[in-house]
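Input: a single structure, listed below in structure tokens.
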There are 2 protein chains.
Amino acid sequence: MTRLSDVARAAGVHPGTASRALNPDTRHRVSAETVKRVLVAAESLGYQPNSVARALRTRRSRMVAILIPDLTNPLFPPIVRGVEEALAVKGYSALLVSTDNDEDKEARLFAELRGRQCDGFVVATARRKHPLLARAAADGVPMVLVNRVLDSRHTPSVTADEAAGVHAVVRHLTGLGHRRIAHLAGPQELSTGLIRRRTFLDSCEQAGLDPRNTPVIDATGFSEAAGTAAMDKLLATYRGPERPTAVFAANDLLALGALDALAAFGLRCPEDMSVAGFNDMPFLTRMTPPLTTVHVPQQEIGAEAARMLLKCIDQPGPPRSLLLGCALVERASTGPVPQG
Amino acid sequence: MTRLSDVARAAGVHPGTASRALNPDTRHRVSAETVKRVLVAAESLGYQPNSVARALRTRRSRMVAILIPDLTNPLFPPIVRGVEEALAVKGYSALLVSTDNDEDKEARLFAELRGRQCDGFVVATARRKHPLLARAAADGVPMVLVNRVLDSRHTPSVTADEAAGVHAVVRHLTGLGHRRIAHLAGPQELSTGLIRRRTFLDSCEQAGLDPRNTPVIDATGFSEAAGTAAMDKLLATYRGPERPTAVFAANDLLALGALDALAAFGLRCPEDMSVAGFNDMPFLTRMTPPLTTVHVPQQEIGAEAARMLLKCIDQPGPPRSLLLGCALVERASTGPVPQG
DNA sequence: GTGAAAGCGCTAACAT
DNA sequence: ATGTTAGCGCTTTCAC
């Protein structure tokens, strides 16, 4: 690899001068003519600065780590894409890491990434209680949470306006005449699971529904299998006229799993029961039935998180939380209350 | 951050000794007792080696870059996941980059990543002619291609055994009685597009089909929109008894788009026309109709590519190509030839 | 088995 | 405006 000293020699200047000429921020300290000579030399030698040496010297790696639970969950690719794009604009690179929600793995990887001198972290793996993250945040590690937040709201975050989304779902369902609406709740150790559940109950109450008619079933995870199990339980518990006519699942995967349980039970969606999800994961329009859900601008969340993080890195300030709007997407899995 | 010299001081040894004690490969050159003292000191100080300094000194960053066209294409997340996991096992980290098939962007990012001293590249963006990659490979940059390969087969690669997959599809369709089978071909500048097309034609010929009855329509990309357009063209071109009774789309996205065109044309799948895809992207079972396709072990491809790359980095050798088996997945989008 | 010292390639403070 | 110098934190060759 050609080094800075090679460029300097070719341009007939000292390496220090070449460095200044190459760096746009210090270029003004070098005569226009020298700058040109250095630039030409660098170009003709195909000089590519060694980021490792630069990082060692400046203590800035211009790398940001992205922590996600699992890239094969369709929720995350758009976020990563958004982060990566926003980073690239500023000359930063993205180190991607999947943690599988495994605490040990997460701790190991986090330490490793700190050792790699990552300038900051975009974190999609937060649990409400998260000693590792809380500690790192307290230590001043630049960090922005996406989607999920900590109970102690002292860490910058970018999330969807989930409350608004849940409200919209409940309004939609009550508008269709539903008075018995169940919620398949996500893991309560995640802020998303908690907020959606709480907002669901609040919204139902505001809509004048009897709390006894808005049961909540806890799913064991944000997965299709958990959705099926939760719906099975719902159908086993509430029979006959007690059976809810609509279900709000805490996310799309739960909703898809719930649809399976419904079908296995011999019930049709939406004729016998309406089902709504959350997130608007890809390809939902192609499913049977196309799922009513809340669109969350995942890519934008990722991009905003990256921008916020770079700002934190450059000039630490008080933590900010950004809430991005989300919108109900009405499809065919929700419909009017069954008659009779 | 605590440095090696801190650990050395705490253990009462010279930094050089601490370094040897910490490194498993050189540990045997240090007395067992000293090793223990250093390890204890490192542990109690929470020492995390500075990978940047190490990389500068050893000229090994232990980072690998992954180049993909677009993470939001459901094909790629499993690959990335596989790569990342296999890398993590060996203490390597993954830098992820999306190129959007934009040559300039790709060249810029590639140069940037080389500047970051990435030890190697897993490349999912190869076109058949690819000066940038050919050049880099010739320069000895460690690199493994996934899914797509170069025309000059001099670069290591891990791909699905596409020919076998295409054969299986054609056999499946002819077994169902189809004698008029069309192919919606992918971009011919990609090896996948070319191989699938060629193998399709070969297989049909081997099956004794009249070449006039196995038309090929070129799609402009591997996308749903391109699939719709290609199917529109097919339906406009071959009418009445000339209309194929089955279509093999070069990938699942094309097939999904084709289904839309079919529906818009008032034709049912599979009653009026069978449709098969390729790749077995996620959630295909939930679509209407569930798509018959060829399963490609994307995550395994990623993992094998990463392992192959690490081997190349450690001990360069002649390029190897690994072909992973893929399997037909029969679902409901293919059926017997319509009667009459 | 351990210490000393050099140097990876770069930037930034200081000197001219 | 440019040259000089030191040093980021580590590994590794060379002494002892």
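In what follows, every chain begins at residue 1, and chains take the letters A, B, ... in the order their sequences are listed.
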First and last nucleotide of DNA chain D, 5' to 3', lying under 4.0 Å from heavy atoms of chain B: D:dG9 to D:dT13
Not counting sequence neighbours, list each pair that qualifies as a ring pair (Phe, Tyr, Trp, His ring centres under 6.0 Å) and has a residue in residues 23-82 of chain A. none
What pairs with A:Phe121 under ring-ring contact (aromatic ring centres under 6.0 Å, His included), at least two apart in sequence or on another chain? A:Phe110
Any pair with a residue in residues 9-27 of chain B that passes salt bridge (charged side-chain N to carboxylate O under 4.0 Å, His left out), sequence neighbours left out, goes on the list, sorted by first then second residue, please. B:Asp6-B:Arg9
Could you state the atom-to-atom distance from CG of B:Leu22 to P of C:dT2 in whole Å? 14 Å
Any sub-3.5 Å donor-acceptor pair from A:Thr99's side-chain atoms to A:Glu106's backbone N or O? no
List the atom pairs, with distances to 0.1 Å, where a side-chain N or O of residues 63-73 of chain A and a protein N or O form a donor-acceptor pair under 3.5 Å, not counting sequence neighbours.
from: A:Asp70; atom 1: OD1; to: A:Thr72; atom 2: N; distance (Å): 2.9
from: A:Asp70; atom 1: OD1; to: A:Thr72; atom 2: OG1; distance (Å): 2.8
from: A:Asp70; atom 1: OD1; to: B:Arg81; atom 2: NH1; distance (Å): 2.8
from: A:Asp70; atom 1: OD2; to: A:Thr72; atom 2: OG1; distance (Å): 2.8
from: A:Asn73; atom 1: OD1; to: A:Leu75; atom 2: N; distance (Å): 3.0

Any pair counted as salt bridge (charged side-chain N to carboxylate O under 4.0 Å, His left out), so long as it reaches residues 37-50 of chain A, sequence neighbours left out: A:Glu33-A:Arg37
How would nucleotides 9-16 of chain C be written as a contact map, 5' to 3', with B for base contact, S for sugar-phosphate-only contact and - for no contact, using protein heavy atoms under 4.0 Å? BBBBB---
Using residues 91-98 of chain B as the side-chain source, report each donor-acceptor pair under 3.5 Å to any protein atom, sequence neighbours left out, with the distance given to one decimal.
from: B:Ser93; atom 1: OG; to: A:Arg116; atom 2: NE; distance (Å): 2.8
from: B:Ser98; atom 1: OG; to: A:Glu84; atom 2: OE1; distance (Å): 2.9

Side-chain atoms of residues 135-146 of chain B: list all donor-acceptor pairs with protein atoms under 3.5 Å, sequence neighbours left out, distances to 0.1 Å.
none

Report the residues that fulfil side chain to side chain contact (heavy atoms under 4.5 Å, CB included) with A:Leu323, sequence neighbours left out, ordered by chain and then residue number. A:Thr159, A:Asp161
The bend of the helix from C:dG1-D:dC16 to C:dT16-D:dA1, taken between the axes of its five terminal pairs at each end and rounded to 10°, is 40°
Could you note down all residue pairs passing salt bridge (charged side-chain N to carboxylate O under 4.0 Å, His left out) where residues 47-68 of chain B supplies at least one of them, sequence neighbours left out? B:Arg60-B:Asp314
